[in-house]
Amino acid sequence: MSEQAATFIAKSTIKAADREHRRKINFNIAKYNAVVPVGKQQFEDVHHARERAKNRKWQAIENLDQHLLAFEQKITARGAKVLWAETAEEALEEVRKICAAKNCRTLVKSKSMVTEEIHLNRFLEEQGIESVETDLGEYIQQLDGEPPYHIVTPAMHKSKEDVARLFAQKLGTSPNLSPSELTLVARDKLREKYASAEVGLTGANFIVADVGGIAVTENEGNARLSCALPKTHIVVVGIEKVIPSINDLPLFWPLLSTFGTGQKVTVYNSLVTGPRQPGEVDGPEELYVILLDNGRTNLLADPVSREALYCIRCGACLNACPVYKNIGGHTYQTTYSGPIGAVITPHLKGMDEWKHLSYASSLCGNCTEVCAVKINLHELLLHNRSEAVQEGAATMAERTAWKLWKRAMLHRSLMNLAPGTMKGWVVNRFVKEWKAHRADLVFPKKTFNQMWREEERS
């Protein structure tokens, strides 16, 4: 068992027994579940909309190289600079060089999971640069020294009382402030940073190929401020975020909003197509777009797994997953948690250390049922398990056990050879996880198959 797997089991065991954690996350997910059906009413046929979105993402990923080159050509024609980063280290180095050239001391950053993936904040801190999260949830997590808990709702595991106590400890405010008052405190602190930052950094929800645009959707306006006020704007985005056309946005923006937060559409939707142009009075003087691979081409190379690249990061699968709702986001110990994280992380970070995440699933299929772009997540989890075995990630004992099990299950006569007492002994002796929370499993003396045949003979 890998160190990551052992830690995952230990943390999940503790978190699953934490009733207060479960109360908080169930409270917040219940609010999500109440509004999503309302948001879906804007679609005449939501299943058809999801199918259309899946087909457009299929087209985008199958022609990824062409779309990315078209995007680069369009946006560079308007003065932006496109940088290609194969690894996280290359992306960080590009950010470092830009910040050094601008003599950057403060960088404001909007919510971006890909920058969490490359651990940008820690890197900038090592360079002596203050990196300030401007999304309220991310700001709360940064104050608490924690990574995001959820793809869309970074501080989902915190109650309003938790946030009030955190602000009191870190910012010296009253511990009895309401959520509205806490928001005003954060706004006051962050507005100072926007005005003084030399560099602003955002992610991107979509890369729009045909117009060379970066599409960003948000509810707080922090992304607009991060990219418009500083003189330099950096975009770090995964190469899979591409969509073929600007005409796809009226489909993808509402889907992302509805499946992400239950809204018909988020408050702020921006399309950035370059730095400030001649005659324009606002916007950054320079725009850099860093296109990040960091393992995504591993997924692309697999005809089955590449479907995971369709993900638009709505977080719906996390909210639906019974495993996530019991163990929480931090237990996964990786940027992308829940079902989508369990699918993509072994390909992004290595199958040997992370194959255990593909087993953190009941295979109930609820993640597939709620996916905004109809990714067959539960099937991809099974595919990961198969791939892990094929790559030798399973032990000899495990492979032998499954080979014998398969042979027995395909031949009823072999299954009937062993009496119930022997089957019970095998399960209770070797499947230790079963006995951890249950009594011994007792098999009947005869199988249903045997009793049926006896009944037929009589």
- Message: Using side chain to side chain donor-acceptor pair (under 3.5 Å), reason through Gln42 and Thr258 one step at a time and then give a plain yes or no.
- Response: CA-CA 9 Å; Gln42 68 177 308; Thr258 293; 2.8 Å; yes
- After noting the C-alpha distance and the side-chain angles of Glu192 and Ser196, does the key distance pass the side chain to side chain donor-acceptor pair (under 3.5 Å) rule? CA-CA 6 Å; Glu192 298 177 5; Ser196 61; over 6 Å; no
- Message: Let's go through Asn384 and His347 carefully: what are the C-alpha distance in whole Å and the side-chain angles of both, what is the deciding distance for side-chain contact (heavy atoms from CB on, under 4.5 Å) to 0.1 Å, and is it a yes or a no?
- Response: CA-CA 9 Å; Asn384 272 10; His347 296 274; 2.8 Å; yes
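Other residues, nucleotides and ligands contribute at most 12 non-hydrogen atoms within 6.0 Å of the CD atom of Glu3. Remark: Lys231 NZ is loosely packed, at most 12 non-hydrogen atoms of other residues, nucleotides or ligands lying under 6.0 Å away. Counting non-hydrogen atoms of neighbouring residues, nucleotides and ligands closer than 6.0 angstrom, the CZ atom of Arg276 exceeds 12 such neighbours. The number of heavy atoms from other shown groups lying within 6.0 Å of CH2 (Trp58) does not exceed 12. The environment of Glu44 atom CD is sparse: at most 12 non-hydrogen atoms of other residues, nucleotides or ligands sit within 6.0 angstrom. Annotation for Glu93: atom CD counts as buried by contact number, over 12 foreign heavy atoms lying within 6.0 Å.
The main-chain N or O of Thr266 is found under 3.5 Å from a side-chain atom of Ser257 such that the two form a donor-acceptor pair. Side chain of Glu286 to main chain of Lys81: no donor-acceptor pair is present (N/O by atom type, distance under 3.5 Å, no hydrogens or angles). Panel note: side chain Glu181, backbone Leu177; no donor-acceptor pair is recorded below 3.5 Å. With hydrogens and angles ignored, the 3.5 Å screen pairs no side-chain donor or acceptor of Arg56 with any backbone N or O of Pro244. Looking at Asn326, its side chain does come within 3.5 Å of a backbone N or O of Pro322 through a donor-acceptor pair. Formation of a donor-acceptor pair under 3.5 Å by the Thr202 side chain with backbone atoms of Val235 is not found in this model. Looking at Asp144, its side chain never comes within 3.5 Å of a backbone N or O of Ile140 through a donor-acceptor pair. In this structure, Asp248 contributes its side chain and Ile243 its backbone to no donor-acceptor pair below 3.5 Å.
A heavy-atom distance below 4.5 Å is found between the side chains of Val208 and Leu271. Looking only at side-chain heavy atoms (C-beta outward), Ile234 and Lys102 stay at 4.5 Å or farther from each other. Counting only heavy atoms from C-beta outward, the side chains of Glu387 and Val304 never approach each other to under 4.5 Å. Looking at heavy atoms from C-beta onward, Leu124 lies in side-chain contact with Leu107 at the 4.5 angstrom threshold.
Between Glu51 and Lys54 there is no salt bridge, since no side-chain nitrogen of the basic residue lies less than 4.0 Å from a carboxylate oxygen of the acidic one. The pair Arg122-Glu125 does not count as a salt bridge, with every side-chain nitrogen at least 4.0 angstrom from each carboxylate oxygen. A salt bridge is absent between Glu307 and Lys57: the closest approach of a Lys/Arg side-chain nitrogen to an acidic carboxylate oxygen does not fall below 4.0 angstrom. Residues Arg296 and Asp293 are not paired through a salt bridge, judged by the lack of any N-O separation under 4.0 Å between the basic side chain and the carboxylate.
Between Asn222 and Glu138, the side chains place no donor N or O within less than 3.5 Å of an acceptor N or O (distance only, hydrogens not considered). At a cut-off of 3.5 Å, with distance as the only test, a side-chain donor of Glu133 or Asn121 sits close to an acceptor on the other residue. Residues Glu161 and Ser159 have side chains that bring a donor and an acceptor to within less than 3.5 angstrom of each other. Judged purely by distance below 3.5 Å, without hydrogens or angles, the side chains of Thr217 and Asn269 pair a donor atom with an acceptor atom. In this model, no donor atom of one side chain and acceptor atom of the other lie less than 3.5 Å apart for Tyr336 and Glu116.
Once rounded to the nearest 0.5 Å, the distance linking CD of Gln333 with CG of Leu357 reads 8.5 Å. Atoms CG and CD, on Leu291 and Glu240 in that order, are 10.5 Å from each other to the nearest 0.5 Å.
Summarising the geometry of Tyr32 relative to Thr261, their closest heavy-atom pair is CE1-N, 4.2 Å, with the distance given to 0.1 Å.
Under the salt bridge (charged side-chain N to carboxylate O under 4.0 Å, His left out) criterion, Arg105 pairs with no residue at all, not counting sequence neighbours.
Sorted by first and then second residue, the ring-ring contact (aromatic ring centres under 6.0 Å, His included) pairs involving residues 137-178 (not counting sequence neighbours) are His21-Tyr149, Tyr149-His157, Tyr149-Tyr324, Tyr149-His330, His150-Tyr324, His157-His330. Among residue pairs with one or both ends in residues 268-321, none qualify as ring-ring contact (aromatic ring centres under 6.0 Å, His included); sequence neighbours excluded.
No cation-pi contact links Arg50 to Phe43, judged by a cut-off of 6.0 Å to the six-membered ring centre and 45° from its axis.
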